[in-house]
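Beneath this line is the structure, given in structure tokens, with notes to follow.
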Amino acid sequence: MNQPLKLSLEQEFSLRTFADQVQQMSREQAQAFLVKLYEQMMIQEKTYQQMLKQEWRLDSGAVSG
């Protein structure tokens, strides 16, 4: 049950392609890209949280008991 998740072959290919693109960037480009990527990850996390709140009906403010 505690086995680490593994990437699919397609994901591994995508990761390799991404790594190749990053290698071609200047240091400044890579730093700016990393900051933007982190921002997008935070937005994605917030979106998932909001979706789960809606799905689990936690956003109503009332606790049913």
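All residue numbers refer to positions in the sequence shown, counting from 1.
Take Q23 and apply the side-chain hydrogen bond (donor to acceptor under 3.5 Å, both in side chains) test, not counting sequence neighbours, and it matches no residue. Q29 pairs by the side chain to side chain contact (heavy atoms under 4.5 Å, CB included) definition with M25, S26, not counting sequence neighbours. The ring-ring contact (aromatic ring centres under 6.0 Å, His included) search around F18 returns F33, not counting sequence neighbours. Under the rule for a salt bridge (Lys or Arg N to Asp or Glu O under 4.0 Å), R27 has no partner lying at least two apart in sequence or in another chain. Applying the side chain to side chain contact (heavy atoms under 4.5 Å, CB included) rule to Q24 yields no partners; only residues at least two apart in sequence or on another chain are considered.
Identified under the salt bridge (charged side-chain N to carboxylate O under 4.0 Å, His left out) test for residues 2-17, with sequence neighbours left out: R16-D20.
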Check: residues 38-47 side-chain donor-acceptor pairs under 3.5 Å, at least two apart:
unit_1 : atom_1 : unit_2 : atom_2 : d
E39    : OE1    : K36    : NZ     : 3.2
Q44    : NE2    : Y48    : OH     : 2.9
T47    : OG1    : I43    : O      : 2.8

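Residue L7 belongs to a hydrophobic cluster whose other members are L15, with links defined by side-chain heavy atoms closer than 4.5 Å.
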